[in-house]
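Report on one structure; see the data block that follows.
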There are 2 protein chains.
Amino acid sequence: MNDYEQDNAPPTGDSSRDALPPVTQHARQYETVRNAHETELIEDYVELIGDLIRHRGEARATDLASRMGVRQATVSKMVRRLNELGLVKSQPYRSLFLTEAGQSMAENSRARHDIVLQFLRALGVRDSTARIDAEGMEHHVSDETLAIMQRFIEENAK
Amino acid sequence: MNDYEQDNAPPTGDSSRDALPPVTQHARQYETVRNAHETELIEDYVELIGDLIRHRGEARATDLASRMGVRQATVSKMVRRLNELGLVKSQPYRSLFLTEAGQSMAENSRARHDIVLQFLRALGVRDSTARIDAEGMEHHVSDETLAIMQRFIEENAK
DNA sequence: TATAAAATATAGCAAAAGCTAACTAATTAC
DNA sequence: GTAATTAGTTAGCTTTTGCTATATTTTATA
């Protein structure tokens, strides 16, 4: 039997992970992850630029590079992309600014990030671990799950 | 002030996300995420091959392609990589097998995946959403957090 | 069993994100 | 105010993971 045809197979009634999901749904899961990966880096940069402006007054390429753990050349290239995407406004050799769109992306990312981080802490994860996990998980948490995390935080607040 | 120097700055005493983490730690967070991305796809393939063998008796490239939502050529190329990495044993035009190493990676991934999925469900996330989120989150959850999730599942089992 | 269909492989292209090296601009220090 | 240092840019390379198109092999069918 071909795997394509399995989509027509009757549901097994088994709700655990033990059964493979129908092909179409399975593929959609991986597609969602791939899509997230495409926007992930963009969001991380925009979020970081926002944070730098917020906390340090300005966002310099050098600081982006050292905080991201990459070379300046990499940042330069990325900033050009962010410009093209209309997320960042910049002039050569000057520090960076977010456009309206960039600003709202930054706020959105920061909010998600905060919720995930607080959720992990509320769950009992150590701060340094929580920060690392949050950075990775942030982009893979659906709105539905995020709302549930939010509720969890409120219920478990001291 | 240069951002590099900020590493020597005294901690603000503010444990919320409101403060930027020290530069070195911040960079390590992003590095961890980048590293996860490198192994992520590999693990997904190996895990899926394991699942296919388990549930369908064999793993064919076509089925990998349809379930991953990519083209067969992409799978072919990936399988060559998995071979080089010593995770998969395969002969041209034949179905795929996992090596010892591949098998243990598959088991490990499946275990992680299961815990994350069950955790999300225990938290109250709908099944279809939980599956999507788990697929993305799986690779970004530390052992520490995983253990906590495990405990949470046990405590909240009916 | 010969042929059509399905599965797999290979070649070659593209985009993304990293790198180094070499160059230019801005800032700081003297 | 010039020289040295720091910051930013650009060009060109590499790896990874997609893709299409084409060739080859295996399997199924008439």
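By convention in this document, chain letters (A, B, ...) are assigned in the order of the sequence lines, proteins followed by strands, and residues within each chain are numbered from 1. Everything numeric here is computed off the predicted structure, so don't read it as measured data.
- The shortest distance between the side-chain N/O atoms of A:T62 and the OP1/OP2 oxygens of D:dG8 is below 4.0 Å.
- Not one side-chain nitrogen or oxygen of B:R34 sits closer than 4.0 Å to the OP1 or OP2 atom of C:dA16.
- As a whole-Å value, the separation of A:R80 CZ from D:dA11 C1' is 10 Å.
- Checking C:dA17, C:dA9, D:dT17 against every side-chain atom of B:K77, the shortest atom distance belongs to D:dT17.
- The nearest whole Å value for the distance from the CD1 atom in A:I42 to the P atom in C:dA15 is 15 Å.
- Listed nucleotides C:dC19, C:dA7, D:dG18 differ in distance to B:V70; the shortest reach to its side chain belongs to D:dG18.
- To the nearest 0.5 Å, the span separating CZ on A:R110 from CZ on A:R54 amounts to 3.5 Å.
- Atom P of nucleotide D:dT17 and atom CD of A:E38 are separated by 14 Å, given to the nearest angstrom.
- Judged by closest nucleotide on DNA chain C, A:L41 is the one of A:A73 and A:L41 placed further toward the 5' end.
- Each of B:S76 and A:R71 was matched to the nucleotide of DNA chain C holding its nearest heavy atom; the match closer to the 5' end belongs to B:S76.
- Atom P of nucleotide C:dA6 and atom CG of B:D63 are separated by 14 Å, given to the nearest angstrom.
- Here the options are A:E47, A:R67, A:E58, the test is side chain to side chain contact (heavy atoms under 4.5 Å, CB included), and the partner is A:L52; only A:R67 passes.
- The aromatic rings of B:H140 and A:H140 lie parallel to each other, their planes meeting at an angle below 30°, with 60° marking the opposite boundary.
- Heavy-atom neighbours of B:E154 CD from other residues, nucleotides or ligands within 6.0 Å: above the threshold of 12.
- Contact annotation: side chain of A:Y93 to base of D:dT9, donor-acceptor pair absent below 3.5 Å.
- Here the C1' atom of nucleotide D:dT17 and the CG atom of B:L85 are 14 Å apart, to the nearest Å.
- As a whole-Å value, the separation of A:H37 NE2 from D:dT17 C1' is 12 Å.
- Nearest-nucleotide positions on DNA chain D place B:R81 closer to the 5' end than the other of B:R60 and B:R81.
- Aromatic ring centres of B:H113 and B:H139 lie farther apart than the 6.0 Å criterion allows.
- Atom CG of A:N35 and atom C1' of D:dG18 are 13 Å apart (whole Å).
- Proximity of A:T74 to the phosphate of C:dA17: no side-chain N or O atom is located under 4.0 Å from OP1 or OP2.
- If you take CD of A:Q72 and C1' of C:dT24, they are 13 Å apart, rounded to a whole angstrom.
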